[in-house]
Amino acid sequence: MIAVLRQFCVLGKYSGKMPFKLTEGAISALLNGHEPKDPILQCLGTKSIAGSGVPRMRLVLSDGVHSFATSMLATQLNDFVTDGRLQQNTVFKLKQYQSSVLQGSKRIVICLDIEILQTPDEAGGKIGEPVPLSVAQNAAGANGGLPNPSKPGNENVNPSGPNRIPPAAMYSPKPTGKMPFGKEQVPTTPGGTQTRVMPIGSLTPYQNKWSVKARVSQKGTMREWKNPRGEGKLFSFTVLDDSGDIRITCFKEEADKFYDMIEVGKVFYISNATLKPANAQYNNTTHDYEMTLRRDSTVTLCDKDDGKMVPKIQYKFVNISNLEQNISGLVDVIGVVKSVEDLNSVMIKSQNREAKVRKFNLVDQSGSEVTVTLWGLDAEKFDGKEHPVVAMKGAKVSDFNTCSLSAMGSTTISMNPDIPEAYQLKQWYESGGSTQATQSLTISSGSGGGTSAANWKTLADIKNENLGMKDKPDYITAKVTVLYCKKENVLYKACPNDQCNKKVIDLEQGKYRCEKCDLQTDEFKYRLILNMHVADEYESTWVTCFQEQGEILLKMSAQELGELQQTDENAFDNVLKRVDFQSYFMKLRVKMDRFNDEDRTRVTVVNVSPISNVDYIKKLQADIQKLQVE
DNA sequence: CCCCCCCC
């Protein structure tokens, strides 16, 4: 371990000066279906290929002996070209790639992960006199991967000659690279159709006859949609093989047809589907495309699946410290569970149903911490007490409380996964990580902050911008002054059960009944509902404020206030008067609802905090800056 | 053709 570290340091220290030796023979090996590890190559040129969607970058690669012109950069690496890090004569390490054969002869190498080692200047220009190769060589390796001089019709190929394309006769229709699930080769799909089984990673919309053999790694629920363009139902799932994963969606009839059949863990042959560019915002598979099943698509269970070849889920982990750069996107994260909350229930107002919810805090070696929210079954079955390593594929980054994570239906959660990152984290955690101070990205409103991601609005904006008219509520932050806090019906008697806040029925003689819990009791707890008239410089409105925020405003617990109401009406009144004409930052939930057949906009206080001059000045400065730009 | 993921 120490030796490895030392070596690493030496490389790091001298990396700018040491000449990097290109991995001679790597190109030939690639063309012959081998997959050399971490070859060091030189880029001889880049070319942007315009397409319908994101541009694709084509690269010419060299190992100093051979060059190779059909290589592409995975689109997520396009920045390397656009910002100039990767250009003609740049030397780099090809850390991850996908090599596959198209139309039976042409090999294409997709560069998935690269590390820049030298700029063109540091490399001193083009290294060696590489000869172009485009197809596999006979007896490659026997002569160091050079074109075989004994092959008839090949006598004139000069290894150091000008740019010559080897004649097509040199192509050897030998092994064509990695098939899905290792060496097990399945040349045709069941039913006798002559369809090639292709590696998932090599699929593009430009091939018309293909089939994949893939294991289902994730399945979403059936979902209905309705929008101005139409309505219907759909479900999505993810499949993978050794070469990568891809998201598949079925709509309407296809959704019904395939829904029961698709099960996580099972292996299927899939063919005749449409490929279209994947939208990275909603899709974080490794694939550039995603699949839609059609009427003529076939999905056939592979009954010869022995269960041995289980391709690993492919992750693109983001350090917790970098999550804020991915707000509202999907990410893969891995970390150790530092703490976990109990299972909770929340009411989803828009759907009028209850959902199970659980939060936990995840830490990693970046020294950062983030709060993760799990829903439904994920929340119920989650066991985080023993500080497991948790890997999540496709978690949603939210700006709630500045930055937090939420598991979605399509998020795959793996406990203590069998991957190197997990062992490394476990070791780090056990050898000091557990006691290391961590910086949480999730700044809960209770602990002072929480306004940095605030959606600042004025009360006039509620009407002007039609806030609260959508399916989901709008959350805004406003600086408001309380004009009046209503004294009537401020308190109610609620079920004493921890999880229940329902109003109890007074049965007289000190007996109470909770309909929800089916409980008769002689106890109750006080709960607060404050109705307040608030105003800013533009507008005034009535807002409702429940228990926790009410206690903050009144600086008194609901229980104390309830007792005060019984013993000293005057003092009770004075407590409520405390808030009149006071100013606060309020986070407000704005949502239209229907009450007695009348639409009205309900405004609820979800968070209240004292005016922070620092935050307010920041907000004003941002406003001024906006004015200057416009 | 979806792209919602809830609570605060």
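Everything numeric in this text was worked out from a predicted model, so none of it was measured. Note that these values count all heavy atoms, side chains included, but never hydrogens, waters or copies made by symmetry.
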**Asked** So A/Thr371 and A/Asn361, side chain to side chain donor-acceptor pair (under 3.5 Å) or not? Walk me through it.
**Response** CA-CA 4 Å; A/Thr371 301; A/Asn361 289 315; 2.7 Å; yes

**Request:** Report the C-alpha separation of A/Trp375 and A/Phe382 in whole Å, then their side-chain angles, then the decisive distance to 0.1 Å, and conclude whether the ring-ring contact (aromatic ring centres under 6.0 Å, His included) test is met.
**Result:** CA-CA 10 Å; A/Trp375 300 93; A/Phe382 185 80; over 10 Å; no

**Request:** Give the C-alpha distance, both sets of side-chain angles, the deciding distance and a yes or no for side chain to side chain donor-acceptor pair (under 3.5 Å) between A/Asn531 and A/Thr544.
**Result:** CA-CA 5 Å; A/Asn531 280 297; A/Thr544 308; 3.3 Å; yes

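Among the atoms of the strands shown, none is found under 4.0 Å from any heavy atom of A/Lys233. Within 4.0 Å of A/Thr249, counting heavy atoms only, lies at least one base atom of the nucleic acid. No contact: A/Gly232 has no heavy atom under 4.0 Å from any strand.
Here the shortest heavy-atom pairing between A/Gly394 and A/Asn284 reads N-ND2, 3.4 Å.
Of the possible donor and acceptor atoms, one in the side chain of A/Gln207 sits under 3.5 Å from a partner among the backbone N and O of A/Thr204. Remark: side-chain polar atoms of A/Asp536 are not paired, donor with acceptor, to backbone N or O of A/Thr458 under 3.5 angstrom.
Closest approach to the A/Ile348 side chain among B/dC3, B/dC1, B/dC6 is made by B/dC6 (side chain taken as heavy atoms from C-beta onward). Across B/dC6, B/dC3, B/dC8, the shortest atom-to-atom separation from the side chain of A/Tyr282 is found for B/dC3. Counting only heavy atoms from C-beta on, A/Val346 has its side chain closest to B/dC7 among B/dC7, B/dC3, B/dC6. Of the candidate nucleotides B/dC2, B/dC6, B/dC7, B/dC7 has the atom lying nearest to any side-chain atom of A/Lys359. Residue A/Lys252 has its side chain nearest to B/dC1 when only B/dC4, B/dC1, B/dC8 are considered.
Rounded to a whole Å, the CD1 atom of A/Ile248 is 19 Å from the P atom of B/dC3. As a whole-Å value, the separation of A/Met347 CE from B/dC8 C1' is 15 Å. Put simply, CE on A/Met408 is 8 Å from C1' on B/dC4, counting in whole angstrom units. What separates NZ of A/Lys396 from C1' of B/dC4 is a distance of 8 Å, to the nearest Å. Atoms CZ (A/Phe360) and P (B/dC7) sit 19 Å apart, rounded to a whole Å. The distance between atom CG of A/Asn455 and atom P of B/dC8, rounded to the nearest whole Å, is 16 Å. Taking atom CD on A/Glu231 and atom P on B/dC3, their separation rounds to 12 Å, with Å as the unit. Straight-line distance from the CG atom of A/Leu330 to the C1' atom of B/dC2: 13 Å, rounded to whole Å.
For the pair A/Lys219 and A/Tyr259, the cation-pi test (distance below 6.0 Å, angle within 45°) is passed. For the pair A/Lys479 and A/Tyr616, the cation-pi test (distance below 6.0 Å, angle within 45°) is passed.
Taking side-chain N and O atoms only, A/Arg358 has no distance below 4.0 Å to OP1 or OP2 of B/dC7. Close to B/dC6, at under 4.0 Å from its OP1 or OP2, lies no side-chain N or O of A/Thr373. An OP1 or OP2 oxygen of B/dC1 is reached within less than 4.0 angstrom by no side-chain nitrogen or oxygen of A/Asn227. Distances shown here put a side-chain N or O of A/Arg229 below 4.0 Å from the OP1 or OP2 atom of B/dC2. The phosphate of B/dC8 has OP1 or OP2 within less than 4.0 Å of a side-chain N or O from A/Tyr475. Applying the 4.0 Å criterion to OP1 and OP2 of B/dC8, one finds that A/Arg589 has a side-chain N or O inside that range.
At a cut-off of 3.5 angstrom, the base of B/dC3 holds at least one donor-acceptor pair with the side chain of A/Glu290.
Interatomic distance, OG1 of A/Thr411 versus NZ of A/Lys396, reported as 10.0 Å (0.5 Å rounding).
Near-neighbour residues of DNA chain B inside residues 254-264 of chain A, defined by a heavy atom below 4.0 Å, are absent. The stretch residues 555-562 of chain A does not touch DNA chain B, since none of its heavy atoms comes less than 4.0 Å from the strand.
Shown here are the salt bridge (Lys or Arg N to Asp or Glu O under 4.0 Å) partners of A/Glu551, two or more places apart in sequence or in another chain: there are none.
Other residues, nucleotides and ligands contribute at most 12 non-hydrogen atoms within 6.0 Å of the NZ atom of A/Lys502.
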